[in-house]
Amino acid sequence: MTTANQGTRVLVLNSGSSSVKYQLLDMTDASRLAVGLVERIGEQTSRLKHTPLATGGAAREQNGPIADHAAALKAVAAELAADGLGLDSPELAAIGHRVVHGGLKFSAPTVITNEVLAEIERLVPVAPLHNPANITGIRTAQALRPDLPQVAVFDTAFHTTMPESAARYAIDVATADEHRIRRYGFHGTSHAYVSRETAKLLGKAPEDVNVIVLHLGNGASASAVRGGRCVDTSMGLTPLEGLVMGTRSGDIDPAVTFHLVRNAGMSVDDVDALLNKKSGLVGLCGDNDMREIRRRCDEGDEKAQLAFDIYIHRLKKYIGAYYAVLGKVDAIAFTAGVGENAAPVREAAVTGLEELGLAVDGELNAVRSESPRLISPEYARVAVAVVPTDEELEIAQQTYALVTPALNS
């Protein structure tokens, strides 16, 4: 897809069920012109925070009811216009939308048509919390700028390169195919960006590097990336599978669900809420903020320590498993809120894995920086890196590459 539009700006929208995160970027130098967040949409206590980076101005806030996503995006458009960055600007080349679930059909960024939107809607049953909000954001943006290319960038796309041996569950094939049950994986834009940046940090091309990426935030996932292509990832049909997360259980015996329904009198919805919202770190110790958990650990809190130990144990299992999947590992990259900021997590995750060539230098690990960096000692066979993720930039780059003729010629 190409367009005659010669603009250099991309607006990135991440529409949640009650929020819209946005960034406006200039792709000539990947600079951010404005960033913002609308939260608590549909409530009386809605809030819009807008920061005009292009002008160096102070952040502005609006507080008060914002009825729906259409009203939220109109408010965002007004804030951008106040800075001379309005959606009607000829400099705006496209709007890039984060779409959580693209199934198997979408393995690359895609210009949104009616057919594409219909397919995203068909995937709602496997992404009931995310795709409806993404669709609302797309439709609202289309109404505001019907003439502008709108591009969907899918969380699942990076993981479509997994072999069937990694992507399929060992259940009846006909049932799985009928109901689209397989491992899709999520956080794909982050895993793609971080794996590339890790290769760059090592001074190598992505196709020459094997990386284990650990995206550790309130949601957490791991991926095994061989030569720039994902070959395995920890999240599955939904973002519930895999690592211990802030409020999600991660891996669990499926029979736990049957047991709770049959013996605890819980409904399917009750179990869903338990595993997604009341489990993980918050279920184990009442906190899902790693900073608070570490503070409690330092004070001798046994519940917090057990939660931390379970979190690390699961993380180590995935590091070891993906080491085996890849055969040879050049680097392990920590990213996202916990991965980038929690030095004790990084240290604990590789402690005891020295025979695999993994080690962390205490002084390097303690340094706080917003730049990609190595935290392993020079003698380590496998590099350990901290690589800040930038999902918005990844979405903007993929969007711009798709709609700009110069990059498609």
Is it true that a side-chain atom of Asp309 and a backbone atom of Leu306 form a donor plus acceptor pair closer than 3.5 Å? no
Are any non-hydrogen side-chain atoms of Val338 and Tyr311 less than 4.5 angstrom apart? yes
Hey, are Arg226 and Asp330 close enough for a salt bridge, meaning a charged N less than 4.0 Å from a carboxylate O? no
Spacing of OG belonging to Ser234 relative to CG belonging to Leu243, to within rounding of 0.5 Å: 4.5 Å
Distance (rounded to the nearest 0.5 Å) between Ile395 CD1 and Gln23 CD: 9.0 Å
Whether Tyr322 and Tyr318 hold their rings parallel, tilted or perpendicular, with breakpoints at 30° and 60°: perpendicular
Rounded distance (nearest 0.5 Å) linking atom NE2 of His191 with atom CD of Glu391: 8.5 Å
Ignoring hydrogens and geometry, is there a side-chain-to-backbone donor-acceptor pair from Asp253 to Ala255 under 3.5 Å? yes
Check whether any side-chain heavy atom of Leu274 sits under 4.5 Å from a side-chain heavy atom of Ser279, and report yes or no. yes
Around atom CZ of Arg229, are there more than 12 heavy atoms of other residues, nucleotides or ligands at under 6.0 Å? no
Around Glu207, counting heavy atoms of other residues, nucleotides and ligands shown, do more than 12 lie under 6.0 Å from its CD? yes
Are the side chains of Leu48 and Leu37 in contact, using a 4.5 Å heavy-atom criterion? no
Does Val271 form a side chain to side chain contact (heavy atoms under 4.5 Å, CB included) with Val261? I'd like the steps, not just the answer. CA-CA 8 Å; Val271 178; Val261 170; 4.1 Å; yes
Tell me if the CD atom of Glu302 is crowded by more than 12 foreign heavy atoms within 6.0 Å. no
Answer yes or no: is there a side-chain heavy-atom contact under 4.5 Å between Arg40 and Ser19? no
Check for a donor-acceptor pair, side chain of Thr335 on one end and backbone N or O of Val387 on the other, with a separation under 3.5 Å. yes
Asp155 (side chain) donor-acceptor with Gly188 (main chain) under 3.5 angstrom: no
Can Gln305 and Asp301 be said to form a side chain to side chain donor-acceptor pair (under 3.5 Å), step by step? CA-CA 6 Å; Gln305 187 62 58; Asp301 187 309; over 6 Å; no
Minimum heavy-atom distance Tyr323-Leu356, with the two atoms named: OH-O, 2.7 Å
Please report the closest heavy-atom contact between Gly246 and Asn288, naming both atoms and the distance. O-CB, 3.3 Å
Given 3.5 Å as the limit, does a donor-acceptor pair link the side chain of Thr110 with the main chain of Ala108, or not? yes
Charged N to carboxylate O below 4.0 Å: is that the case for Glu299 and Arg296? no
Would you check if Ile319 and Leu214 make a side-chain contact, meaning some heavy-atom pair closer than 4.5 Å? yes
For a side chain to side chain contact (heavy atoms under 4.5 Å, CB included) check, start with the C-alpha distance between Leu374 and Val384, then their side-chain angles and the critical distance, and finish with the verdict. CA-CA 6 Å; Leu374 295 177; Val384 180; over 6 Å; no
Could you check whether Arg182 makes a cation-pi contact with Tyr169, meaning its NZ or CZ is under 6.0 Å from the centre of the six-membered ring and within 45° of the ring axis? no
Shortest non-hydrogen separation from Ala342 to Met290 and the atoms involved: CB-CG, 4.2 Å
Minimum heavy-atom distance Leu202-Ala383, with the two atoms named: CD2-CB, 3.8 Å
Is there a donor-acceptor pair under 3.5 Å between the side chain of Thr404 and the backbone N or O of Tyr400? yes
Any side-chain heavy-atom pair from His187 and Met235 closer than 4.5 angstrom? yes
Euclidean distance, Leu275 CG relative to Met245 CE, rounded to 0.5 Å: 11.0 Å
Between Lys278 and Asp272, does any NZ, NE, NH1 or NH2 come within less than 4.0 Å of an OD or OE carboxylate oxygen? no
Give a yes or no on whether the backbone of Ala336 and the side-chain of Glu340 come within a donor-acceptor separation of less than 3.5 Å. yes
Can a side-chain donor-acceptor contact be found between Ser221 and His215 if the only test is distance below 3.5 angstrom? no
So how far is it from Met162 CE to Thr156 OG1, rounded to the nearest 0.5 Å? 9.5 Å
Side-chain contact, heavy-atom cut-off 4.5 Å: Phe158 with Val225? yes
Using every non-hydrogen atom in the two residues, find where Ile138 and Gln150 come nearest and quote the distance to one decimal. O-OE1, 4.5 Å
Does one side chain, of Ser107 or Thr160, offer a donor that lies under 3.5 Å from an acceptor on the other? no
Could you walk me through whether Glu119 and Lys105 pass the salt bridge (Lys or Arg N to Asp or Glu O under 4.0 Å) test, one step at a time? CA-CA 8 Å; Glu119 182 62 23; Lys105 188 175 182 67; 5.3 Å; no
Between Arg60 and Asp83, is the closest basic N to carboxylate O distance under 4.0 Å? yes
Examine the side chains of Arg98 and Asn134 and answer whether a donor and an acceptor come within less than 3.5 Å of each other. no
Going by an N to O cut-off under 4.0 Å, is there a salt bridge joining Lys21 and Glu392? no
Residues Leu73, Leu144; criterion side chain to side chain contact (heavy atoms under 4.5 Å, CB included); working and verdict: CA-CA 8 Å; Leu73 279 184; Leu144 288 173; 3.8 Å; yes
Flag for Glu115-Thr113: side-chain donor and acceptor within less than 3.5 Å: yes
Side chain of Thr161, backbone of Cys230: donor and acceptor closer than 3.5 Å? yes
Flag side-chain contact, heavy atom, 4.5 Å: Val38 against Ile66: yes
Indicate, with yes or no, if the rings of His101 and Tyr184 have centres closer together than 6.0 Å. yes
Other residues, nucleotides, ligands: >12 heavy atoms within 6.0 Å of Lys74 NZ: no
I need the single residue from Asp232, Thr233, Val231 that forms a side-chain contact (heavy atoms from CB on, under 4.5 Å) with His159. Which is it? Thr233
Checking the side chain of Ser369 only, and the main-chain atoms of Ser371 only, is there a donor and an acceptor separated by less than 3.5 Å? yes
If the test is side chain to side chain donor-acceptor pair (under 3.5 Å), which one of Arg346, Arg373, Glu347 qualifies with Asn365? Arg346
Whether the side chain of Asn341 engages the backbone of Gly337 through a donor-acceptor N/O pair (distance < 3.5 Å, no angle test) should be reported. yes
Separation between NZ of Lys204 and CG of Asn210, rounded to the nearest 0.5 Å: 9.5 Å
Those residues that, when tested against Asp29, pass side chain to side chain contact (heavy atoms under 4.5 Å, CB included) (two or more places apart): Asp26, Ser31
State, to 0.1 Å, how close Glu241 and Gly236 come at their nearest heavy-atom pair, and which atoms those are. OE1-CA, 3.1 Å
For Arg32 and Leu24, what are the C-alpha separation, side-chain angles and deciding distance, and is it a side chain to side chain contact (heavy atoms under 4.5 Å, CB included)? CA-CA 6 Å; Arg32 285 168 173 77; Leu24 180 66; over 6 Å; no
